[in-house]
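Below: the structure, in structure tokens.
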Amino acid sequence: MRGKILMIVSLLASSLVMNSCLKDKVGLDWTDSLKGKMYAEVWKGGFLSMGLQPIPDSVTFKFLVNIATDQPPTEDITVTLAVSEEAMNAYNQAKGTAYQLYPYIDIVDKSLVIKAGTRNAYCHVKIWNAHLLDACDNFMAPIVIQSATGGVIPADPLNMGSRLMGLPISNPWAADYDVIGYRIRPGNAPEPVATTETLSTIDCKTVYKVGFGNYSAYNIRIEVTSETMVVGGVTCNKVIATPYDPGTGSDVGGMWDTWTGDAATPPAPPANPTDINYYNPVTKQFVLNCYYLSGAGNRIMYEILTRK
């Protein structure tokens with residue numbers, strides 16, 4: 001009797017180990033309905049998102065291509081992958097989104113060989129030139145399984161047959177900046193500022209910084225617009241710089257129309273008095289000339305922020 005009990009326990013333990021091993025193997029999620037069939041899938045396929053920095057350098061992402069079958073393939077399987085704008089459009093229609101095709105895509109493993117006796121291999125995709133694109137647009141690299149050899153069926157590209165990689169681009173102006181400037185309280189000497197400050201993201205075209213000159217109670221919201229102005233031969237983007245109270249969110253000031261400040265205090269005033277409140281993409285500088293309202297006289301701020 002004791003021998004029979006031990007045998008039953010042993011069989012149960014073996015069954016648990018086998019089930020555990022099956023669960024650990026990639027691509028066995030369809031095994032209940034796969035008898036006699038083979039499907040090419042992307043492991044945990046469909047939509048995924050990967051953020052990009054606005055830089056020219058290439059970035060590579062990868063995903064696992066799997067042969068879902070009840071038994072490992074007995075011959076090499078060649079899986080062909082391609083960029084599919086059609087799959088992206090179908091996703092947009094199904095989800096109510098507005099993704100655009102990312103224009104700089106190279107599928108490194110367009111033709112992927114999965115060896116006999118195995119089930120999967122990685123596909124690598126390279127993308128680059130994020131700095132040339134508008135961070136306010138939504139981009140996607142839609143990679144689908146186009147075909148497979150050996151009687152293998154490509155899975156549905158809106159489900160397991162694709163990697164629909166969303167590629168949000170980070171705000172290109174969010175960074176650390178060296179700041180030179182000052183604040184003026186009417187009737188007082190200018191109060192210089194020389195420090196490093198961080199511009200933080202509000203949305204795809206807007207950042208904020210803590211402090212109005214050396215006054216830390218107010219922040220400044222800086223929206224980079226598509227309107228341009230030429231400063232020193234360089235086409236620059238006009239900005240809307242608005243001092244606000246971070247405690248209430250209320251605006252407390254605005255921008256001067258012409259340069260207002262102290263010519264004897266660095267930085268030097270602009271050669272043209274209207275050359276203020278802009279971003280220079282060549283020097284990577286913000287030039288801000290703002291005020292906040294005060295019953296004792298509006299406070300003046302003049303700063304140049306240079307990206308580190």
Side-chain angles (χ1 to χ4, degrees), residues 54 135 171-308:
N171 184 306
W173 301 285
D176 291 336
Y177 290 77
D178 289 325
V179 181
I180 297 293
Y182 52 82
R183 177 176 72 125
I184 298 176
R185 293 176 293 163
N188 294 275
E191 300 168 30
V193 173
T195 187
T196 296
E197 294 181 348
T198 298
L199 298 191
S200 302
T201 298
I202 292 178
D203 59 32
C204 61
K205 60 183 178 181
T206 311
V207 291
Y208 76 91
K209 79 181 198 75
V210 175
F212 180 102
N214 64 344
Y215 184 58
S216 60
Y218 290 156
N219 292 353
I220 299 180
R221 182 172 58 249
I222 306 164
E223 177 186 343
V224 181
T225 75
S226 58
E227 292 187 65
T228 59
M229 57 192 291
V230 177
V231 181
V234 177
T235 299
C236 301
N237 293 88
K238 293 183 180 181
V239 304
I240 301 172
T242 308
Y244 69 98
D245 184 339
T248 64
S250 300
D251 295 347
V252 295
M255 303 181 294
W256 298 104
D257 293 326
T258 58
W259 180 79
T260 303
D262 180 70
T265 303
N272 182 342
T274 60
D275 287 349
I276 53 175
N277 298 311
Y278 64 87
Y279 175 74
N280 185 321
V282 175
T283 61
K284 300 187 185 303
Q285 288 181 326
F286 284 96
V287 176
L288 305 179
N289 196 191
C290 303
Y291 64 87
Y292 73 80
L293 302 170
S294 171
N298 293 347
R299 275 38 177 168
I300 300 165
M301 185 201 80
Y302 180 50
E303 289 184 349
I304 295 179
L305 292 74
T306 304
R307 187 164 180 154
K308 292 178 72 69

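Atom-to-atom distance recorded for Y244:OH and S250:OG is 11.5 Å, nearest 0.5 angstrom. Taken from CE in M301 to CG in N214, the straight-line distance is 11.0 Å, to the nearest 0.5 Å. Distance check, rounded to the nearest 0.5 Å: CG of N298 to CD1 of I184 gives 12.5 Å.
A 4.5 Å side-chain heavy-atom check between T306 and T283 finds every atom pair outside the cut-off. Looking at heavy atoms from C-beta onward, N171 lies in side-chain contact with V207 at the 4.5 angstrom threshold. Taking 4.5 Å as the limit, some side-chain heavy atom of L288 sits within range of a side-chain heavy atom of N277. Considering only heavy atoms from C-beta on, M255 stays 4.5 Å or farther from Y291 through its side chain. Within the 4.5 Å cutoff, the side chain of R299 has no heavy atoms near those of the Y215 side chain. With a 4.5 Å cut-off on side-chain heavy atoms, L199 and F286 count as touching.
When the side-chain contact (heavy atoms from CB on, under 4.5 Å) test is applied to V210, the partners found at least two apart in sequence or on another chain are Y208, N219. The salt bridge (Lys or Arg N to Asp or Glu O under 4.0 Å) search around D176 returns none, not counting sequence neighbours. For the side chain to side chain donor-acceptor pair (under 3.5 Å) test, no residue two or more places apart in sequence or in another chain qualifies with T228.
Note on residues 251-267: pairs passing salt bridge (charged side-chain N to carboxylate O under 4.0 Å, His left out), not counting sequence neighbours, are R221-D251. A salt bridge (charged side-chain N to carboxylate O under 4.0 Å, His left out) check over residues 189-205, counting only residues at least two apart or in different chains, returns the pairs R183-E191, R185-E191, E197-K209, K205-E223. Applying the disulfide bond (SG atoms under 2.5 Å apart) rule to pairs touching residues 219-271 yields nothing, sequence neighbours excluded.
Of the candidates V239, L305, I304, N280, I304 is the only one forming a side chain to side chain contact (heavy atoms under 4.5 Å, CB included) with V287.
In this pair, W259 and Y302 present their aromatic rings perpendicular. The plane angle is above 60°, beyond the 30 to 60° band.
When all heavy atoms are compared, the tightest approach of N237 to S226 is ND2-CA, 4.3 Å. In terms of heavy atoms, P172 sits closest to P54 at CA-CG, 3.5 Å. The minimum heavy-atom distance between I220 and F212, with the atom names listed, is CD1-CD1, 4.0 Å. The two residues P243 and A241 have their closest heavy-atom pair at CD-O, 3.9 Å.
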